[in-house]
J.: 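I have a structure I would like to understand better, so I am pasting it below and will then ask my questions one at a time.
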Amino acid sequence: MTSTPLTVDPAARPVDAPGPRRGLGVGELRLDGGFWGRLQETNARATFQHCLDWMERLGWLANFDRVADGTTGPDRPGWQFSDSEVYKLLEALAWEHGRTGDPSVDATFRKLVDRVAAAQDDDGYLNTCFGHPGRPARYTDLSSGHELYCTGHLLQAAVARVRTVGPDDRLVEVARRAADHVCREFGGGGSDGICGHPEIEVGLAELGRALAEPRYTEQARLFVERRGHGTLAPVALLGPAYFQDDVPVREADVWRGHAVRALYLAAGAVDVAVDTHDDDLRAAVERQWARSVERRTYLTGGMGSRHQDEGFGDDWELPPDRAYCETCAGVASVMVSWRLLLATGDVRYADLVERTLYNVVATSPRADGRAFFYANPLQQREPGADVLPDAVNPRAEGGVRAPWFDVSCCPTNVARTLASWQAYAAFVDDGAVVTLAQYAAGDLRVEVAGGELVLRVDTAYPHDGEVRVEVRSAPHGPEPVGGSRAVTLRLRVPHWASQEGGAGATVTGPDGVVRPAAPGWVDVAVREGDVVVLGLPVAPRFSWPDPRIDAARGTVAVERGPLVLALESVDLPDGVALEQVRVDPAVPARVPDDVEHRDGAVVTARVEPLPEVAPGRPPFGPDGAPPESEGPPEPAGSAPVDLPLIPYHRWAERGPSTMRVFVPTV
């Protein structure tokens, strides 16, 4: 396969954080088709314009125009946080222009920035919902107003611009003025308030690093330290944990309350901890991550099991059918785990990033990039109701992807994440170790100690487990001494890649010798011309829920590589309902023969008849037996049948259906 020569704009390099590891700049890795390359192209071709059109149509963009021309009033359209969706789209466009250099993307970006900048007040304040004629006064509703939340997303958009074109940019100047305003209003000697929705913390920390401005980092630190003291006004039926305002960040042992808020706060706390060398704060987030992943995270990587507060439940409270698993929580989870990965080098963070990207982030957008899931349940009991194809839809509707929501945070969050996906794929450690944390076909060109390393990665992962890495160029130095080489290539072997029967991962080194590779990091010393091949076992496998998860006891799930699989009603025999199916785990799951399901699995199951129940009878019988049924007894079960499962990220692409990830066993 040939590839286009890769050149890297110096402005597209990352802003280095303290410590031995640095992530890639947006221009250092170019994807070339494959799973993520195709999603990225669809994102650029369809999703950006889709989001722009909806925000124009609903008046969210015109809100900025009305502030600029002084025509604001009580009839402002959109929720109080709609400005943030414009900023997330700006961030996505900034990453996309940095990735491709497309002048039309940059033109769209600049036109949006002009409208946003025109709405900024002389003192740097920028918000279309508060502080203008006919609108509430500034910072009069810190619990629910989202003013600082919106500013945080503005700052993150500016960081994307710094990292792709440099600091001399109009949006960056807008962000500087906004950040300066926040520091004046909420810094030492100012208000000691915090925002009900964390985000300003991570925005300030990122901008402080990008512009080498310690005032912004210090303000982010102040916001992190102020949280957890019950200062926010309560919201009906929701306590201070909803805002993470019940326990100081340093003292918390687990994430709780609104999942997106908790995760954005954690991301900001990691940034602050790293930049201020605060090991205790970082250790607190690591502790929270460990317990939350162990006891409050779904198989898909989804977080948040409660609908009423879009939040985490208690330990082991993970009902598949009532899973909320908001798409934005998946994006935020990736943000936290990536930061902890760079801070610690611990492979488990990369493993969760992979699981969440494939099974939450990739699940949300429809194949055409113009409709999305907001929530991501692991079981759908009734086929999803038809969505309104040309209107705003309720945010938590499950079963059918919707083109837009009344709270449409997920489409723009997906857009910015896909546009910057390559930034999560690799990092450089100590200047001489290049780590591939995620696998996708493409070209990598990165500066290392002594020169430049150029890699070509060829893979059909996750549908195929072979990852072939060719070293196109490497620093030239003296001849190796004792077999050592100047550059180390580090590959990730996922935690699931250890199977019984010798079917685990392997690495074929430059010497052509195939060696077993245990889960974790595998280091290979390389030089120009070398080829390294990683082989990962992507055969289907059963995954069992922890017995403490009441809602999933007696069931089993099927995974294949990093993909969680699902049984969908459209693949059942005629007349068979999903609740009749029982998987036989004594028969191994197998790779399908047919093309339609080639990336899924086949399981052996039995179809159990469901008895007719007399009207009005309760759903429980004596001694734990089912209620008596009318009519003659039915046979205990059918003959074995083979049923296909599909990747969870593809469910509901063939129309409304029922679905489940965890299937009862025989």
Side-chain angles (χ1 to χ4, degrees), residues 6 8 13-31 36 270 274 334-357 420-459 461-462 465 467-475 484-497 505-510 515 517-527 530-536 562:
L6 191 66
V8 180
R13 291 286 301 277
V15 180
D16 294 343
R21 298 170 203 89
R22 74 162 182 88
L24 298 184
V26 71
E28 292 182 296
L29 173 62
R30 299 284 177 85
L31 301 186
W36 293 108
V270 176
V274 168
V334 170
M335 290 168 56
V336 177
S337 292
W338 175 249
R339 285 162 167 75
L340 289 174
L341 174 61
L342 289 185
T344 68
D346 192 327
V347 71
R348 61 182 176 162
Y349 299 121
D351 283 344
L352 184 63
V353 168
E354 176 180 68
R355 179 173 294 276
T356 308
L357 284 172
S420 60
W421 185 90
Q422 64 274 15
Y424 297 108
F427 58 90
V428 181
D429 199 328
D430 284 325
V433 180
V434 176
T435 300
L436 299 185
Q438 307 298 330
Y439 298 120
D443 297 285
L444 175 71
R445 182 185 297 267
V446 62
E447 292 293 328
V448 295
E452 185 178 63
L453 180 69
V454 180
L455 304 177
R456 170 64 198 175
V457 181
D458 285 305
T459 183
Y461 189 81
V467 181
R468 183 180 185 275
V469 184
E470 177 187 350
V471 182
R472 295 272 176 92
S473 178
S484 64
R485 304 184 184 205
V487 180
T488 297
L489 175 65
R490 179 169 291 164
L491 303 173
R492 181 177 61 89
V493 178
H495 66 93
W496 48 260
T506 61
V507 170
T508 305
R515 298 177 177 85
W521 300 121
V522 176
D523 289 358
V524 182
V526 296
R527 61 184 173 188
D530 285 345
V531 175
V532 178
V533 180
L534 174 67
L536 296 174

J.: Is Arg445 salt-bridged to Asp443, going by a charged N under 4.0 Å from an acidic O?
T.: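 Not counted as a salt bridge, because no side-chain N and carboxylate O are separated by less than 4.0 Å.
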J.: When you look at Val532 and Val526, which way does the side-chain contact (heavy atoms from CB on, under 4.5 Å) test go after all the steps?
T.: CA-CA 8 Å; Val532 178; Val526 296; 3.8 Å; yes
J.: For residues Val434 and Leu444, determine if any side-chain heavy atom of one lies less than 4.5 Å from a side-chain heavy atom of the other.
T.: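 Val434 reaches Leu444 side chain to side chain.
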J.: Sequence neighbours excluded, which residues qualify as side-chain contact (heavy atoms from CB on, under 4.5 Å) partners of Thr435?
T.: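 Thr435: side-chain contact (heavy atoms from CB on, under 4.5 Å) contacts with Phe427, Val433, Arg490, Trp521.
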J.: Could you walk me through whether Val469 and Leu534 pass the side-chain contact (heavy atoms from CB on, under 4.5 Å) test, one step at a time?
T.: CA-CA 8 Å; Val469 184; Leu534 174 67; over 6 Å; no
J.: Check the orientation of Trp421 and Trp36. Use parallel for under 30°, tilted for 30 to 60°, and perpendicular for over 60°.
T.: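 The rings of Trp421 and Trp36 lie parallel, inter-plane angle below 30°.
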J.: What's the spacing between Arg456 CZ and Arg468 CZ if we round to 0.5 Å?
T.: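 These two atoms lie 10.0 Å from each other.
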J.: For the atom pair CG (Leu357) and CH2 (Trp338), what is the distance rounded to the nearest 0.5 Å?
T.: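 Taking CG in Leu357 and CH2 in Trp338, the distance rounds to 10.5 Å.
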J.: For the atom pair CD (Glu28) and CD (Glu452), what is the distance rounded to the nearest 0.5 Å?
T.: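 Interatomic distance, Glu28 CD to Glu452 CD, rounded to 0.5 Å: 9.0 Å.
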J.: Judged by atom type as modelled, is there a donor-acceptor pair below 3.5 Å linking the side chain of Arg355 to the main-chain atoms of Asp351?
T.: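 Checking the backbone N and O of Asp351 against the side chain of Arg355, no donor-acceptor pair under 3.5 Å is found.
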J.: Is it true that a side-chain atom of Glu470 and a backbone atom of Val454 form a donor plus acceptor pair closer than 3.5 Å?
T.: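 Side chain of Glu470 to backbone of Val454, a donor-acceptor pair under 3.5 Å: no, none is there.
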J.: Just to verify, what does Asp430 make a side-chain contact (heavy atoms from CB on, under 4.5 Å) with, not counting sequence neighbours?
T.: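 Result, side-chain contact (heavy atoms from CB on, under 4.5 Å) vs Asp430: Pro20.
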J.: Atom CG of Asp429 and atom OG1 of Thr488: how far apart are they, to the nearest 0.5 Å?
T.: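 Taking CG in Asp429 and OG1 in Thr488, the distance rounds to 10.0 Å.
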J.: To the nearest 0.5 Å, what is the distance between OH on Tyr461 and CD on Glu354?
T.: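 The distance works out to 3.5 Å.
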J.: When rounded to the nearest 0.5 angstrom, what is the spacing between OH in Tyr439 and CZ in Arg492?
T.: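 It comes to 6.0 Å.
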